[in-house]
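Letters A, B, ... are given to chains in the order of the sequence lines, protein chains preceding strands, and every chain is numbered from 1.
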Number of protein chains: 2
Amino acid sequence: MQSRYEVAVAKSKLKPRKASVSASRVAEVAGVSRSAVSRTFTDGASVSPETRAKVLAAAEKLGYHVNHLARGLIHHRSGIVCLIVAEMQTPFQASFVEAATRRLQDKGKVVMVLNTAGQPANVEAALRQTLNYRAEATVVVSGAPPLSLVETCIENGQRVILINRDDAIEGPQFLMIENEAAATEACFMLRRAGCTRLAVVSSTAGTPSIVARETAFVAAAKSAGIEVAVSRAGPTGYASGAESARQLLAGSNRPDGVFCVTDLLALGFLDATRIEFRLRIPEDICVIGFDDISAASWLGYDLTTFRQPIAEIADYIAEMLDEDEGGPAKVRFPVHVVWRKTVRP
Amino acid sequence: MQSRYEVAVAKSKLKPRKASVSASRVAEVAGVSRSAVSRTFTDGASVSPETRAKVLAAAEKLGYHVNHLARGLIHHRSGIVCLIVAEMQTPFQASFVEAATRRLQDKGKVVMVLNTAGQPANVEAALRQTLNYRAEATVVVSGAPPLSLVETCIENGQRVILINRDDAIEGPQFLMIENEAAATEACFMLRRAGCTRLAVVSSTAGTPSIVARETAFVAAAKSAGIEVAVSRAGPTGYASGAESARQLLAGSNRPDGVFCVTDLLALGFLDATRIEFRLRIPEDICVIGFDDISAASWLGYDLTTFRQPIAEIADYIAEMLDEDEGGPAKVRFPVHVVWRKTVRP
DNA sequence: AAAGATATTGCACTGCTGTGCAGATAGATG
DNA sequence: CATCTATCTGCACAGCAGTGCAATATCTTT
């Protein structure tokens with residue numbers, strides 16, 4: 001009894017929801033068979049012009065739209081691409097989502113955004129959703145996916161693309177930014193500007209990108225015989241950058257060249273340095289950021305930074321999903337220096 | 001022959017794509033009927049503990065996940081909510097998408113993001129996609145939807161939610177920000193700070209929100225007997241704000257109180273004012289923005305602005321979609337002043 | 001132990017669309 | 001006019017999962 005009752009409740013909650021018009025309804029109105037309707041909306045199918053016209057007229061009149069859920073069921077292709085992302089209100093992530101949705105739509109795909117809200121546990125739930133909706137591909141922009149689930153996705157015919165990760169697993173495609181090369185270049189740029197006391201401003205987030213940039217910068221400096229001060233004041237953001245400035249500049253041995261692993265960190269660092277410590281940039285301290293978010297080019301900042309090739313990555317993903325064969329397992333994208341005014345030339 | 005050939009080509013393009021595991025496969029492995037599998041994954045259905053265990057074991061082993069496309073087909077509920085949005089890399093839009101995806105996911109929905117890429121024509125295509133995927137609801141965050149299509153959506157049982165629009169049409173729900181009240185308040189704040197020469201910095205975008213704020217500010221000033229200088233230097237963004245500063249401050253009768261209809265405009269205005277004209281804020285000019293994007297609270301800006309209740313709106317949408325009956329046709333959300341340092345108290 | 005109540009289970013049908021196949025129609029050709 | 005062919009058309013089945021209904025198994029009660 002109990003369970004019956006629950007069923008009833010569930011049913012009433014999963015209310016009918018006025019059914020939408022189907023192909024059979026259109027066929028009825030147009031006076032043709034349902035097959036004819038289906039063929040009218042299938043590229044390259046054989047329908048006479050008259051039938052086609054009748055169908056289109058009826059469809060227009062009824063407001064018929066092909067049910068992609070049913071279509072996907074047959075073709076084993078839902079047309080859905082999932083984007084798993086956290087912190088999507090931050091400039092960099094937001095730009096990526098924007099670029100990806102645009103490019104994928106151009107290729108006829110549709111994007112489902114799964115927000116992990118920063119909770120690592122949610123990544124698993126998100127991957128399960130990609131399976132539930134039979135997504136053709138999943139792009140993991142942030143977060144650490146459970147590898148066993150990634151394997152399940154691949155076994156189920158899904159393409160899996162991991163951005164800026166480097167796990168030891170066969171199957172997914174890895175798209176990576178040349179973080180190390182950029183960090184090494186940053187070190188070189190600062191040294192050439194005459195900086196001798198280097199620091200790196202990082203965060204406690206510990207994502208692969210952040211760690212790679214931080215580590216590579218320290219290594220590059222070390223190989224030039226320079227010890228680097230590392231500051232991680234909190235999560236990756238403006239406030240942490242400002243806090244790092246307070247920590248690094250309070251001491252006596254203050255740095256004169258700083259690499260911030262993210263533009264947001266850099267902007268916070270810049271503001272605190274100028275406003276709270278009244279230091280001049282780049283005269284007293286040179287600063288380099290990473291990402292080239294739009295605020296980096298604002299009048300008050302003019303931040304020298306590295307541009308991530310967001311559009312190129314989005315293009316690459318869209319192109320690749322269009323092809324039958326997946327591309328190479330690992331692709332690295334170069335970053336480019338954007339020279340502005342926070343480093344002496 | 002021609003068409004047959006095309007069919008063949010199309011078929012080869014719509015390649016099989018390794019089929020994913022289905023309930024019948026699980027039933028086979030578990031040694032039960034397909035119904036039992038279905039019941040195991042249906043809340044409140046009647047299955048014995050042993051059967052359930054066998055099914056779960058087989059499902060786990062095979063990596064089975066219920067096909068929500070098929071499930072949606074039966075229930076007439078896809079679980080999909082569409083967000084139609086443009087310019088989603090801007091701070092405000094990005095925050096809204098973030099909040100909406102999070103709240104809707106909490107309610108068991110999944111969000112499909114349709115990027116109109118700023119092309120008005122794409123709004124129509126986006127609405128068609130919502131119909132194709134049988135979305136339960138569509139939230140139009142930006143862009144002007146063709147009203148006839150909106151009607152089609154509603155006739156097909158879809159909920160349609162328009163943000164900051166005011167069209168004369170029955171059916172959709174309108175969620176609106178108290179733009180007028182805020183703009184009027186902004187005028188009052190500036191006058192109380194002793195400003196006598198007012199200006200409004202707007203944009204050429206002409207979206208309803210922008211226009212409403214601009215118009216209400218001008219009207220409020222007029223009723224106080226003040227003529228307002230209006231500047232629209234370009235699209236809604238930092239660069240236009242800076243350009244507006246150049247236009248407004250170049251003349252002799254420079255304003256001493258400025259309402260920028262968007263924070264991005266305000267930040268551009270602030271920077272150009274301070275850096276290029278060497279004016280002090282708030283001593284020489286008071287500035288008020290709108291949105292309370294995160295950059296507004298950065299050290300260098302400290303912008304007095306209005307906070308849009310993003311979280312509340314997202315909550316409201318999520319709650320409302322959960323209920324059977326749609327809420328009232330129009331709901332207005334209040335905005336709150338965030339006092340910082342760009343207006344004299 | 002027999003009858004009645006209850007919990008499970010499987011069958012078969014539904015929802016929506018795509019498509020192979022066979023039959024029908026129209027057009028071309030000798 | 002008869003025959004062949006190219007083009008359409010409709011039937012029927014497939015793809016996946018949910019569910020009413022009837023049959024079966026299990027347990028309770030007298």
Side-chain angles (χ1 to χ4, degrees), chain A residues 1-8 10-11 14 16-17 19-28 30-52 54-55 59 64-79 131-134 156, chain B residues 1-8 10-11 14 16-17 19-27 30-55 59 64-79 131-134 156:
Chain A
M1 211 54 201
Q2 171 67 7
S3 60
R4 288 286 175 192
Y5 177 67
E6 280 179 26
V7 168
K11 259 187 65 185
L14 294 181
R17 297 220 146 249
S20 49
V21 330
S22 68
S24 8
R25 181 91 187 83
V26 175
E28 213 172 273
V32 299
S33 77
R34 204 184 48 65
S35 312
V37 177
S38 183
R39 291 197 171 96
T40 299
F41 292 101
T42 304
D43 279 346
S46 166
V47 210
S48 71
E50 301 86 52
T51 307
R52 178 186 209 81
K54 279 192 285 184
V55 169
Y64 172 70
H65 285 78
V66 177
N67 188 332
H68 278 33
L69 305 181
R71 181 178 269 185
L73 208 52
I74 295 184
H75 286 154
H76 291 293
R77 306 177 118 258
S78 59
L131 287 162
N132 285 138
Y133 281 95
R134 299 299 191 263
N156 282 301
Chain B
M1 210 54 203
Q2 172 67 8
S3 61
R4 288 286 175 193
Y5 178 68
E6 280 179 27
V7 169
K11 259 189 63 185
L14 294 181
R17 298 218 146 250
S20 49
V21 328
S22 68
S24 10
R25 182 93 188 81
V26 175
V32 299
S33 77
R34 203 183 51 63
S35 313
V37 177
S38 183
R39 291 197 170 96
T40 300
F41 292 102
T42 302
D43 278 346
S46 165
V47 210
S48 72
E50 301 87 51
T51 307
R52 179 185 209 82
K54 279 191 286 184
V55 170
Y64 171 71
H65 286 77
V66 177
N67 187 333
H68 278 33
L69 305 181
R71 180 179 270 185
L73 208 52
I74 293 184
H75 286 153
H76 292 293
R77 304 178 119 260
S78 59
L131 287 162
N132 286 138
Y133 280 94
R134 298 300 189 263
N156 282 302

### Query
Within less than 4.0 Å of OP1 or OP2 of dA17(D), is there a side-chain N or O belonging to Arg134(A)?
yes
### Task
Please state how far atom CG in Asn132(B) lies from atom P in dC16(C), giving the value in whole angstrom units.
15 Å
#### Entry: Out of dT17(C), dG10(D), dA17(D), whichever nucleotide has its closest atom nearest the side chain of Ser22(A)
dT17(C)
### Query
With sugar-phosphate meaning primed atoms plus P, OP1 and OP2, does Arg25(A) contact a base, only sugar-phosphate, or nothing at under 4.0 Å between heavy atoms?
nothing
### Query
Are any of the side-chain heavy atoms of Arg39(A) and Ser35(A) separated by less than 4.5 Å?
yes
### Query
Hey, are the side chains of His68(A) and Ser78(A) touching, using non-hydrogen atoms and a 4.5 Å cut-off?
no
### Summary
The bend of the helix from dA1(C)-dT30(D) to dG30(C)-dC1(D), taken between the axes of its five terminal pairs at each end and rounded to 10°, is 40°
### Message
How many whole angstroms separate atom CG of Asn156(B) from atom C1' of dG15(C)?
### Response
15 Å
### Message
Once you apply a heavy-atom cut-off of 4.0 Å, does Val37(B) come out as touching a base, just sugar-phosphate, or nothing?
### Response
nothing
### Query
Between Tyr133(A) and dC16(D), is there a side-chain N or O to OP1/OP2 distance below 4.0 Å?
no
### Message
Counting C-beta onward and ignoring hydrogens, is there a side-chain heavy-atom pair between Phe41(B) and His65(B) closer than 4.5 Å?
### Response
no
### Message
Using 0.5 Å steps for rounding, measure from the OG atom of Ser20(A) to the OH atom of Tyr64(A).
### Response
9.0 Å
#### Entry: Residue Ala70(A), side-chain heavy atoms: nucleotide from dT19(D), dT9(C), dT17(C) that is nearest
dT17(C)
### Task
Look at the side chain of Arg39(B) and decide which nucleotide, out of dC8(D), dT17(C), dG20(D), has an atom nearest to it.
dG20(D)
### Message
Quick one, Leu73(B) and Asn67(A) - any side-chain contact, counting heavy atoms below 4.5 Å?
### Response
yes
### Task
Quick one: pull up CZ in Arg134(A) and NE2 in His76(A) and give me the separation to the nearest 0.5 Å.
9.5 Å
### Query
Of all the choices, dT7(D), dG18(D), dG15(D), which nucleotide is nearest to the side chain of Ser38(B) once you look at every atom?
dG18(D)
## Note on the structure
Phe41(A) atom CZ is separated from dT17(C) atom C1', nearest whole Å, by 12 Å
### Message
Once you apply a heavy-atom cut-off of 4.0 Å, does Ser35(B) come out as touching a base, just sugar-phosphate, or nothing?
### Response
base
### Query
Are OP1 or OP2 of dT19(D) and a side-chain N or O of His75(B) less than 4.0 angstrom apart?
yes
#### Entry: Distance in angstrom units between Asn67(B) CG and dT17(C) C1', rounded
14 Å
### Query
From dA17(D), dT8(C), dG10(C), pick the nucleotide closest to the side chain of Val32(B)?
dG10(C)
### Message
Can a donor-acceptor pair be found, under 3.5 Å and without considering hydrogens, that links the side chain of Ser48(A) to the backbone of Thr51(A)?
### Response
yes
### Task
Measure the distance from NZ on Lys54(A) to C1' on dG10(D) and round it to the nearest whole Å.
13 Å
### Task
Name the closest nucleotide to the Ala36(A) side chain, picking from dG10(D), dC11(C), dA14(D).
dG10(D)
#### Entry: Side-chain N,O (Arg71(A)) to OP1/OP2 (dT17(C)) below 4.0 Å
no
### Proximity to the side chain of Arg34(A) - top-ranked nucleotide from dC13(D), dC16(C), dC21(D)
dC13(D)
### Query
Separation of Ile74(A) atom CD1 from dG20(C) atom C1', in whole Å?
13 Å
### Message
Distance check, rounded to the nearest 0.5 Å: His75(B) atom NE2 versus Arg71(B) atom CZ?
### Response
7.0 Å
